[in-house]
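Take a look at the structure below.
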There are 2 protein chains.
Amino acid sequence: MQKEHSLSKNQKIIFDLIDKSGGPMKAYSILFNVQKKGIKAPLQVYRALDKLVEIGKIHKIESRNAFIACQNSSCQVSKATAFSICESCENVSEISNSKLSKYLSSFSDNSGMKYSKYNLEFFGLCKKCKSK
Amino acid sequence: MQKEHSLSKNQKIIFDLIDKSGGPMKAYSILFNVQKKGIKAPLQVYRALDKLVEIGKIHKIESRNAFIACQNSSCQVSKATAFSICESCENVSEISNSKLSKYLSSFSDNSGMKYSKYNLEFFGLCKKCKSK
DNA sequence: TTATAAATGTTATATTATTACATAACGTTA
DNA sequence: TAACGTTATGTAATAATATAACATTTATAA
């Protein structure tokens, strides 16, 4: 059992918002949504996001500049992330497939580089959008 | 043998710059470097970049907001990309490993989604930086 | 050659993210 | 509990990345 990281006030406000949204959120959309809670400046949002990413509570979807709550309860630190992204409706979900993560975590090539982290983004059409 | 895509004037200027640089370049650094060639506005750069990405001559390194020339001569269209990124010196190189690309191109899970494209970024320390 | 698509030029602006500096709250341990 | 170091917060300004809108020109191909 790992120690729960206790979130600060701003971190909690921002994590709860992202988590409840159920999907990816962009920084300035987050800002807009938390202004009533007293978080007024972009930097306050980015600082909380940075910390939440660091401790694995959220992940950044790099191709979308957006942040999503970790959907994988066992993932306390985000060193190995994979997402599927629908290019039509922009729905994003985290892939948790142990075969895939094992394969990638142990991947090595002849570059002499030891990989400590990866991020994988798959693109396509989700079930709903495909059938339209 | 695939048809060579013939580049327009701006596309050629910008591709040549990125290609000669040998590494990833950021859009505004590209802009700065091509101003003497008459390309004066960000949009001119972004339009060329968009096209070059579309036809697979360059790839975007999403986590760095940077663009790198395709190092894989057989890759005319970039639907399957993998990179290794050194977190210390920021050196980037394209991974061309047929096992990896086969594995990922054929990857499917139970989401009902058909993946038509992926991008994978590995992070770590390169040989040089490791030995420092 | 004419019409259609692709590329260019230009200005303005939107979006995403960081620097710099000051202050406050928290956790440890002497 | 006082003193210290660390983490978090507040605020203003600005840097870096990217797109919208519109006018014009060039290339392609029917």
Side-chain angles (χ1 to χ4, degrees), chain A residues 3-18 21 23-68 77 85 87 90 92 119 121, chain B residues 3-18 21 23-68 77 85 87 90 92 119 121:
Chain A
K3 179 180 173 290
E4 268 294 301
H5 198 99
S6 76
L7 301 182
S8 74
K9 178 173 137 274
N10 288 1
Q11 288 159 17
K12 188 159 172 24
I13 291 169
I14 287 170
F15 174 73
D16 286 347
L17 175 68
I18 300 172
S21 86
M25 290 192 77
K26 311 200 119 205
Y28 277 74
S29 153
I30 293 168
L31 176 58
F32 178 81
N33 278 277
V34 296
Q35 276 175 333
K36 47 188 169 255
K37 303 230 174 186
I39 296 176
K40 290 173 196 151
L43 188 51
Q44 294 176 288
V45 172
Y46 280 104
R47 282 197 286 221
L49 290 173
D50 284 351
K51 189 68 189 184
L52 290 167
V53 166
E54 187 193 321
I55 65 178
K57 298 283 288 181
I58 65 172
H59 305 301
K60 183 170 188 182
I61 310 300
E62 293 288 357
S63 67
R64 297 300 186 261
N65 299 317
F67 299 85
I68 193 169
V77 176
I85 302 171
E87 291 186 294
E90 294 294 325
V92 172
N119 178 56
E121 298 181 4
Chain B
K3 180 181 173 288
E4 267 296 300
H5 197 100
S6 76
L7 301 182
S8 74
K9 179 173 135 276
N10 288 1
Q11 288 159 18
K12 188 160 171 23
I13 291 170
I14 286 170
F15 174 73
D16 287 346
L17 175 68
I18 299 172
S21 86
M25 290 192 76
K26 310 200 117 204
Y28 278 74
S29 152
I30 292 168
L31 176 56
F32 178 82
N33 277 277
V34 297
Q35 275 176 333
K36 48 189 169 250
K37 303 230 175 187
I39 295 176
K40 290 174 197 151
L43 190 49
Q44 294 176 290
V45 172
Y46 281 104
R47 281 197 286 224
L49 290 173
D50 284 352
K51 189 69 188 184
L52 291 167
V53 166
E54 187 192 321
I55 65 179
K57 300 282 289 181
I58 65 173
H59 305 300
K60 184 171 188 181
I61 310 299
E62 294 287 357
S63 66
R64 297 299 186 261
N65 298 317
F67 300 85
I68 192 168
V77 176
I85 303 171
E87 290 185 293
E90 294 293 325
V92 172
N119 179 56
E121 299 181 4

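We name chains A, B, ... by the order of the sequence lines, and we start the count at 1 in each one. Remember, it's a predicted structure, so these values are computed and weren't measured experimentally.
- Taking NZ of B/K57 as the reference point, atom CD1 of B/I18 lies at 11.0 Å (rounded to 0.5 Å).
- A sub-4.0 Å separation between OP1 or OP2 of D/dA8 and a side-chain N or O of A/Q11 is present.
- Between B/N65 and the phosphate of C/dT16, there is no side-chain N or O to OP1/OP2 separation shorter than 4.0 Å.
- Here A/S8 reaches the OP1 or OP2 of D/dT9: one of its side-chain N or O atoms lies under 4.0 Å away.
- OP1 or OP2 of C/dT16 lies within a sub-4.0 Å distance of a side-chain N or O belonging to A/K26.
- The ring of B/Y46 does not lie on top of the base of D/dT19; it is either too far (5.5 Å or more) or too tilted (30° or more).
- As a whole-Å value, the separation of A/L43 CG from C/dC21 C1' is 11 Å.
- Rounded to an integer number of Å, the gap from A/I30 CD1 to C/dA17 C1' is 13 Å.
- Each of D/dT9, C/dT8, C/dT10 was ranked by its minimum atom distance to the side chain of B/N10; first place goes to C/dT8.
- If you take CD1 of B/I39 and C1' of C/dG9, they are 11 Å apart, rounded to a whole angstrom.
- Between the CG atom of B/L31 and the P atom of D/dA15 there is a distance of 16 Å, given to the nearest Å.
- Phosphate proximity of D/dT9 to A/Q44: absent, as no side-chain N or O sits under 4.0 Å from OP1 or OP2.
- A donor-acceptor pair is defined here as one N or O able to donate and one able to accept, closer than 3.5 Å; such a pair exists between the side chain of B/E121 and the backbone of B/E62.
- Across A/M25 and A/S29, no two heavy atoms sit closer than the pair CE-OG, 3.5 Å.
- When the C1' atom of D/dT19 is taken as reference, atom CG of B/D50 falls 10 Å away, rounded to whole Å.
- For A/Y28 against C/dA17, a side-chain N or O and a base N or O form a donor-acceptor pair under 3.5 Å.
- With the nearest nucleotide of DNA chain D identified for both A/P42 and B/R64, A/P42 has the one nearer the 5' end.
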Exercise for the section: Check the pair B/I85 / B/S63 against side chain to side chain contact (heavy atoms under 4.5 Å, CB included), numbers first and verdict last. Expected result: CA-CA 10 Å; B/I85 303 171; B/S63 66; 3.7 Å; yes
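- Counting any heavy atom pair closer than 4.0 Å across all strands shown, B/K60 reaches sugar-phosphate atoms only and no base atom.
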Handout entry: A/L52 and A/L7: CA distance, side-chain angles, deciding distance, side chain to side chain contact (heavy atoms under 4.5 Å, CB included) verdict
Key = CA-CA 9 Å; A/L52 290 167; A/L7 301 182; 3.9 Å; yes
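- Distance, B/E62 CD to C/dA17 P: 12 Å, rounded to whole Å.
- Minimum heavy-atom separation, A/G56 to A/H59: O-CE1, 4.2 Å.
- The nearest whole Å value for the distance from the CG atom in B/L49 to the C1' atom in C/dT8 is 15 Å.
- Between D/dA8 and A/K9, no contact under 4.0 Å exists linking OP1 or OP2 to a side-chain N or O.
- Checked against D/dA21, D/dA18, D/dT11, the side chain of B/F67 finds its nearest nucleotide in D/dA18.
- Atom CG of A/L7 and atom C1' of D/dA8 are 12 Å apart (whole Å).
- Distance check, rounded to the nearest 0.5 Å: CD1 of B/I58 to CD1 of B/I30 gives 6.5 Å.
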Set out, line by line, the N/O atom pairs under 3.5 Å between protein and nucleotides 23-26 of chain D.
none

Handout entry: Trace of the side chain to side chain contact (heavy atoms under 4.5 Å, CB included) decision for B/N10 with B/V34
Key = CA-CA 9 Å; B/N10 288 1; B/V34 297; over 6 Å; no
